[in-house]
Participant: 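Have a look at this one.
Residue numbers start from 1 in every chain, and the chains themselves are labelled A, B, ... in the order their sequence lines are given, proteins ahead of strands. Everything numeric in this text was worked out from a predicted model, so none of it was measured.
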Amino acid sequence: MQEGLWIIGAPEVTLAVGGVLLLLAESVTKLQPRAVGVLVLGVYLIAGLCLLPFAMSGAVLWGGIYTWDRFAVSGKAFFLLTGMLVTYLSLEGEGEVPAARAEFYILPLFCTAGMALLCSVRDFVLLFVALELVTVTLLVLVAYRRSDTASLEAGAKYLIVGGLATAFLVMGIAYLFGATGSTQFDGVARYAEKEGVGPVLILGLAFLLVGLGFKAAAVPFHIWAPDVYQGAPTPITAYLSVGSKAAGFVVLLRVLLLPFWNTDFQRHWVPLIVLMAAFSVVLGNLAALPQRNMKRLLGYSSISHAGFLLIGLASHSFLGFASMLYYLLAYLVATFTAFLVLVLLEREKEGKTITDLSGLVQRSPLLAWSMALAMISLAGLPPLMGFFGKLLVFLAAWESGFHALVMIGVAAAAAGIYYYISVVRAMFWSDPVHQAPIVVHPATQGLLMALNVGSVLFGFYAKPILALAAGAVSGIGG
Amino acid sequence: MAWLLLLAPLSSAFLVWVALRRHPRASQAVSITASLITFLTALGIALGRIEAPASLAWIDLPGLRVEIGMTLDALARLMLLMVTGVAFLIHVYSLGYMAEDPGRGRFFGELSLFLASMIGIIVATNFVMMYIFWELVGVSSYLLIGFWFEKNSAADAARKAFLANRVGDFGFLLGILTFWATCGTVAFHPEAARALAGNWLAPIVGLLLFCGCVGKSAQIPLHVWLPDAMEGPTPVSALIHAATMVAAGVYMLCRIFFVLELSPEALSVIAWTGGITALVAALIATQQNDIKRVLAYSTMSQLGYMVLAVGCSGTTAAMFHLTTHGFFKALLFMGAGSVLHALHHEQDIWRMGGVGRKMPLTFVTFGIGAAALSGIPGLAGFFSKEEILQVAARSQPVLFWMAAFTAALTAFYMTRITLVAFLGQPRTDVVRHAKESPLVMGLPLIVLAGLAIVAGYPFFGIVRYLGGQEAGENSLLVPAASLTAVILGLVAGAIGYGRASREPIAIPLFQRKFYFDEIYDWTVLKLQEESARLLSWIDQWIIGFVLVRGGAFVVSLGGEVLRLVQAGNLREYAFVFALGAGGLLFLLFGR
Amino acid sequence: MEGFLFWFLAVVLLGSAVAVVVNRSPVASALSLVTTILALAGLFGLLGAYFLAAVQVWVYAGAVMVLFLFIVMLLDLKAEEAAPIRTLGMGAGLLTVILLGAGFWHAIPASAWEANGARAEEANNAASIGHLLFGAYLLPFEAVGLLLLVAMVGVIVLSKRDV
Amino acid sequence: MGTPTLGHYLVLSGLLFAIGLAGVIARRDLLIMYMCLEIMLNAANLSLVAFSRFTQQVRGEVFVFFVITVAAVEVAVGLALLVSLYRMKRTTKAEEITALKF
C-alpha cells in the first residue's frame, strides 16, 4: 500500500470526518434526528466500501505506531458491522432516546472510529488515546438519558470504575516505557528478547491486564458490567457488550502477541489468563441464574462469554486465537439478535424482565424464534454458531493442555443452559402477560431473518469464517 | 449424489421452518418427499449404485483438521437402509396419526431435522462430526418429545430427556477430547488409535465414550428419560425408540469398536451394563399397565442386549439385532399407536380388552411383532437374539444366564399385553365403538410385519452383509436354553393372563420401576436444595460480601462490615477492583 | 540542594494527597488536591521537565481544579459525617496502600537505586516535545483532538437543560 | 540527603498511586472519589517523567502530555455527568446511588 493512501481506506478517518460533517450539518440545517440516523448508516457503508480496496494490503505506518494487516482489516470490518447494527438498534428504539437525539446517532461514529484505530495500534501511546476515545464516548452514551436516574447511575459507575482502569493502564504503560525506553510494541519485544524479563516489565504487564480486563469485563474486573448494562439505553448496552468487549480482546491479542509473546512473558501471563477465564465462566454463569431483568441477565452472560473468549486466549496457540475470533463473531450475531428483540419490545414499554417475554410466540413468532435462536446460540447448543465457537475454544484449550480449565468451562456452559432455556420457556410455554401483537417493520424482519440464517449457516459452514480468522491471526505475529 | 442423504432432509427442515410452518399440507408433502429421497438414495448406496463422495475440509486450521465426509461401509449402509426405511414408513404413518393436529406443519419440520441429524451420525467419518450430529439429535428429540408442549408432563419429559442426555454427552465430549489429545486426530481409523494401545488411558477413553451411549441408548443409570419420553406423539415414540435415536448409541459403539477393543476392562463394564439393563428393564416391563410404557421398557431391555453383545465383542450380533429390532419394535409402536388412535388415547391395557376383534389388521400385525420380539422360532427376533446369546455364552457365562432369563421375561410380558389388550371382552365403551385405523396407517404396519417375519433368515442376508458371524464355536446349549425360556415365558403368560380382567400379580418393586425415579427425584431434590443453599450461600457470602446485600450474619459481624458491603455501592466496586489488581500482583510476585 | 528539594516536595505531595483522602470537607479536599498538583509540578521541574511543570500548573491547577471547586460550590456539598469513613473505609484504604506499596517496593529493581544518572540534556524541552508531538505522535494527537470534540458534545448533551 | 535516584521517584509515585486508590475506596462522595482518581493519574505521570529523565527519552514526557489532556477531558465529561446526577437525585453519595444491584 502506498504511504499516505491509507487515509482513504482507514474507516477511522472516514467515520471521524463523517461524524464532524454530520455534527455541523445538524447544527446548521435542523435535520430530523431520524434522518441523521439514516445518514450515519450511510457513513458506515461508505467507510466499509472505502475499506474494500485496501483489504489485502499490509504496511506499518507512522514510524511504526500504526499497522495495517489482515487482522486490522478484519477487526475494522467487525467494528463497522457492530456500529451499523448499533445505529439500527437506535433507530428502532427511538422512543427510548430523549431530546437532542441526533448526537445519539453521531457519537457512536467516533466511538467506532476509536475501535477501528485500536485494531491497528502498535504503540502504547496510540493505544491509550484510542482506548480513551472509546471509553469517553461510551461514558456519554451510557448516561445519555439524563432524566433517567438508572442511566445516570450507570454512567457514574462506569465513570469511576473506568477511571480506575485508566489509571492502572497509564501506570502499566509507564512501567513498560520505563523498563524498555520505548513506547512501541516491537521496542518492548526487542528489549525483552535482549535483556530478559524483569520485575518492572511484569508489573507493567499486570497493570495493562487490569486496564484491558475492565474493557473485556472479565472477572475480577467485571463488577461494573451488570449495573451499567442494566442502566444504559438498550442500544448502548448492545454496543458495550459487543463493541467494547471486542475492543478489549482485539487489544489483548495485539498486545499479548507482539510485545509479550516472549516465552518468559508467557510464563507469567498464561496462568493469569487461565484463572481469569475460569473465574469468569463460573461467576458469570452462576450469577446469571437468579436474574429476572433481561439486560442484567445478558450482562452476567457477557461476563461468562468473556471467560470463554479468554479460554481461547489462554490456549495461546494459533488454533486458540482463530477460534476466539470465530467466537467473537458468533457472539456478535447472537447478542445483536437478542438486543434487537429487546429494543422492539421496549418500544411497547416492556421487555425489561423475563416475564415480559411470556408467550411472545403468540404475539410475534418471528421475534420469539429469533430470541430463541439467539439464546440457544449463546448457550452453545448445536447447530448454531455459538456451539461451534465453544467447541473450538475447548478443543484449542484441551490441546494446549488446560484440561481442568476445559472441564470447568464445559460444566459452566452446561449450567448456563439453564437460564437461557428459562428465557425460551417463558416465550413458548407461558401465557402472555401483554396481549397486543407486535408489528415489525419489514426491514427489521429482514435483518432478523438474516441474523438467524447467518447464525445457522455459519454454524454449519464455518470454514470461510475460520479461514478469515486464521488469516487474520497469521497477520498479527511479530 | 450421496450428499442428498443429508441435504434433502436438511433443506426440508429449513424450508418448513422458514416458510411453511403455517401450511401443514405443503410441509407434509415436502417432508415426505425428502424422506423418500433419502430412502431411495440409501437404497442406491446399498445396491452399490452411489459411491461415497470425497470428503470436504470443514475446519482446516493448523493443528486441527476436521473433514466432513461420508463413511459408507457395510455397517453404515445397513444402518442407513434401516433408518431411512423406517423413517419413511413413519412419515407416511404420521399422515394419518397427526391428521387432526393443528401443529403438524411444525411436526414434520422437526421430523426432517431429526432424520438429517440421525443420518449425520451414521455417515460420520470422525468424532467431531459425530459429536455435532449427536448433539443435534439431542436437540431435535427434545423438540419432538416436547411437541405437545402445552402439556406440562410433555415439557417435563422433554427436559428430563435433555438433561439425562447432557450428562452422557459430557462424558462423550471428554472422551473425544482425550482421544484427540492422545492420538492427534479425530478420524475413525483403526491406525489412529495406535497411540492408545497399551496406554493406561485406553480404558478411560473407552468408558468416557461409552457414557454417550449410556445416555442415548437409555442404559442404567441414565435410562429414566426413556419411559417418560412416551409423552411425545406415538410416531415419535416409534421413531426414537425403535430404529433411530436409541439405536444411535449402539451404532456408535460399533463404529468406535476399534477404540473399545483396546481395553478388556472397558468391554466388560459395557457388557455388564448391558446385561443388567436388559434384566432390570424386563422385570419392570412385566408390571406396567400403560401399553406404551411396556414397549418402552422392552426397548430398553433389548438395547441392553445389544450393548451386552458389543461388550462381548459381538458387533455383528449387535447390529443384526439392532436391525431386526428396529423393524418389529417400530411395528409394535405403530400398532399401539393405531390402537390409541382408535381408542381416543386410552393407554391403560386394563381398560381395553377385545380390541383384536374390532381391529383385525392391527391385531394380526401387532401379534407378529410381539411374537418376533418374544423370540418365537421362525421370526426375525429369534435369529438375532440367538446370535447375541451365542456371543454371550462364549465370553460371559453369567451374563448368558441372565440374558436367557430375560428372554423368558420378554415372552412373558409380551404375552401379557397381547392377551389383556386384544383378547377377551371389551371392558369399556370406547372399545365397543372402536374402528380400524385408516389405510395410510395400516400399510406401514403390513410392510413392517413382513419384514419382522423375514428379516432374520439367512437368505435376507443381513449377517452376510455385515461380513458373517463372529468366529467361534456355537454351542447347542444356547438354542436349548433360549427355547425353553421362551416356552416357559409364553406358558406363564398364558396361564396368568388368559382370563384375567384384573392384575393377578402385584410386585411393587417392579411397578415402581425399581424406585429409580423416586431415588433420582429425591437426589435431585436434595441436590436442588443443596445447590439452592449453596447459591444462597454464595449470594450471601461471596456476592453479598463482595458486592451485594448483607444478611443477618453480616449484622452480627458488625454494622461496619455491613456498611462496607452495601448493595450496588461504588465503593465496594472500587474495592473489588483493587483486590483483583492486588490478586494479579500477588500471583505474579508472590510466588 | 536537589536532595533537600526532593524530600520537601515529597513530604508535601504525600501529605496533601493524604489530606485529600481524609478531609471531611469537600472544599478542603479540593484545595489539598491543588497543593498535591503544585508539589508534583515542582517535582517535574526538579526532574527537568519544565514544560510539563508549566502545563501541570496551567491545565491541572488552573483549569481542572477550578472546575472541581466550582462544582463543589455549585452542588453545595456537605461535609461527610464522621463515622464510616474514619474506621472501616480507612482500614480498607490503609490496607490497599500498604499492599500496593509493598508490591511496588518489591518490583523496583535494585539498579533503580543507583540510577541517578545525568539529566536528559535535550536542551530545549518544549521544542523536543513539540517535534515528537507533531512528528511521530501526530496520529494520537489528532485522535486527542477528536476526543476533545467528543467531550465537548458530551458535556453539552449531558448537562444542557431539556429543550 | 543525597541526590534522589529513580528508585526514590518510583516509590514516591507508587505511594501516591496507592493513596489515590485508597481514597477511591474509602470516600463516599463521588466527587471526592473522582479527585482521588486524579491523584492516581498524577502518580502515573510522576513515574513517566522520572523514567523519561533516567532513560533519556523525551517520549515519556510526550505521553504525560497526552495523559494530562485526556484527564482534563474525563474531568469535564465526568463532572457534567455528576451535575446531572445531582440534579436528579440531590446527592452524590455513593451509597445513595444503588438502585442498580444484584
Side-chain angles (χ1 to χ4, degrees), chain C residues 2-4 6-7 10 13-14 17-18 20-21 26 29 33 36 40 43-44 47-49 52 55 59 63-64 67-68 71-72 75 77 80 85 89-90 92-94 96-97 100-101 104-105 108 112-117 119-120 122 128-129 132-133 137 140 144 147-148 151 154-155 158-159, chain D residues 1-23 25-29 31-32 34-36 38-39 42 45-46 49-50 52-54 56-59 61-62 64-66 68-77 79-84 86 92:
Chain C
E2 200 186 330
F4 170 73
F6 172 80
W7 288 108
L13 182 72
L14 294 181
V18 170
V20 174
V21 177
S29 281
L33 185 54
T36 315
L40 201 63
L43 282 171
F44 285 1
L47 283 163
L52 280 181
V55 170
V59 176
V64 174
L67 197 58
F68 259 114
I71 298 294
V72 170
L75 302 189
L77 294 179
E80 289 179 16
I85 172 175
M90 273 299 130
L94 213 63
T96 324
V97 173
L100 266 181
F104 286 125
W105 188 276
I108 291 165
W113 297 103
E114 285 113 46
N116 54 354
R119 175 166 310 163
E122 294 175 51
S128 45
I129 289 183
L132 276 171
L133 215 48
Y137 290 124
V144 165
L147 185 56
L148 284 168
V155 169
L158 286 178
S159 56
Chain D
M1 288 191 209
T3 334
T5 63
L6 177 60
H8 288 99
Y9 283 101
L10 289 188
V11 170
L12 186 60
S13 137
L15 279 177
L16 196 60
F17 190 83
I19 291 172
L21 185 57
I25 295 167
R27 294 303 296 241
R28 316 166 59 205
D29 194 305
L31 212 63
I32 315 273
Y34 208 70
M35 289 181 194
C36 296
E38 293 303 316
I39 295 184
N42 276 305
N45 281 350
L46 178 59
V49 175
S52 198
R53 175 188 159 176
F54 289 103
Q56 331 248 318
Q57 284 277 347
V58 197
R59 283 169 186 261
E61 292 184 23
V62 179
V64 173
F65 185 80
F66 280 115
I68 292 179
T69 321
V70 168
V73 164
E74 280 201 335
V75 168
V77 177
L79 290 183
L81 198 158
L82 292 183
V83 169
S84 287
Y86 186 79
T92 53

Participant: How close do D:Val49 and C:Ala49 get, heavy atom to heavy atom, and via which atoms?
Facilitator: CG1-CB, 3.8 Å
Participant: Relative to chain D, which segment of C:Val20 carries a heavy atom at a distance below 4.5 Å: side chain, backbone, both, or neither?
Facilitator: both
Participant: Quick one: do D:Met35 and C:Thr36 satisfy side chain to side chain contact (heavy atoms under 4.5 Å, CB included)? Show the steps, please.
Facilitator: CA-CA 11 Å; D:Met35 289 181 194; C:Thr36 315; over 6 Å; no
Participant: What part of D:Thr92 lies closer than 4.5 angstrom to a heavy atom of chain C: side chain, backbone, both or neither?
Facilitator: side chain
Participant: Apply side chain to side chain contact (heavy atoms under 4.5 Å, CB included) to C:Leu67 and list each qualifying residue two or more places apart in sequence or on a separate chain.
Facilitator: D:Val75, D:Leu79
Participant: Closest approach of C:Ala17 and D:Leu16, non-hydrogen atoms and distance?
Facilitator: CB-CD1, 3.6 Å
Participant: By a 4.5 Å heavy-atom criterion (distance strictly below it), what part of D:Phe66 contacts chain C: side chain, backbone, both, or neither?
Facilitator: side chain
Participant: Could you tell me if the side chain of C:Phe44 sits less than 4.5 Å from the side chain of D:Glu61, heavy atoms only?
Facilitator: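 Of all side-chain heavy-atom pairs linking C:Phe44 with D:Glu61, none is under 4.5 Å.
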Participant: Would you please classify the geometry between the D:Tyr9 ring and the C:Phe6 ring as parallel, tilted or perpendicular, with 30° and 60° separating the classes?
Facilitator: perpendicular
Participant: Please look at D:Phe17 and chain C and tell me whether the side chain, the backbone, both or neither of the residue comes under 4.5 angstrom of a heavy atom of that chain.
Facilitator: side chain
Participant: Picking from C:Gly154, C:Ala63, C:Pro140, which has the most non-hydrogen pairs under 4.5 angstrom with chain D?
Facilitator: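 Heavy-atom pairs under 4.5 Å are most numerous for C:Pro140.
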Participant: Counting distance only, does the side-chain N/O of C:Ser159 pair as donor-acceptor with the main-chain N or O of D:Ala80 below 3.5 Å?
Facilitator: no
Participant: If you count heavy-atom pairs under 4.5 Å with chain D, which of C:Val18, C:Val64, C:Leu40 comes out on top?
Facilitator: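 Answer, by heavy-atom pair count under 4.5 Å with chain D: C:Leu40.
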Participant: Can you name the closest pair of heavy atoms from D:Ile32 and C:Pro26 and give their distance?
Facilitator: CD1-CA, 3.7 Å
Participant: For C:Val144, which atoms come within 4.5 Å of any heavy atom of chain D: side chain, backbone, both, or neither?
Facilitator: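 Looking at C:Val144, just its side chain touches chain D.
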Participant: So D:Val58 and C:Ser128, do their side chains get closer than 4.5 Å, heavy atoms only?
Facilitator: yes
Participant: Using the side chain to side chain contact (heavy atoms under 4.5 Å, CB included) rule, take D:Leu46 and C:Leu13 through it: C-alpha gap first, then chi angles, then the decisive distance, then the call.
Facilitator: CA-CA 11 Å; D:Leu46 178 59; C:Leu13 182 72; 4.3 Å; yes
Participant: Please identify, among C:Leu43, C:Leu52, C:Leu147, C:Val72, the residue contributing the most non-hydrogen atom pairs under 4.5 Å to chain D.
Facilitator: C:Leu52
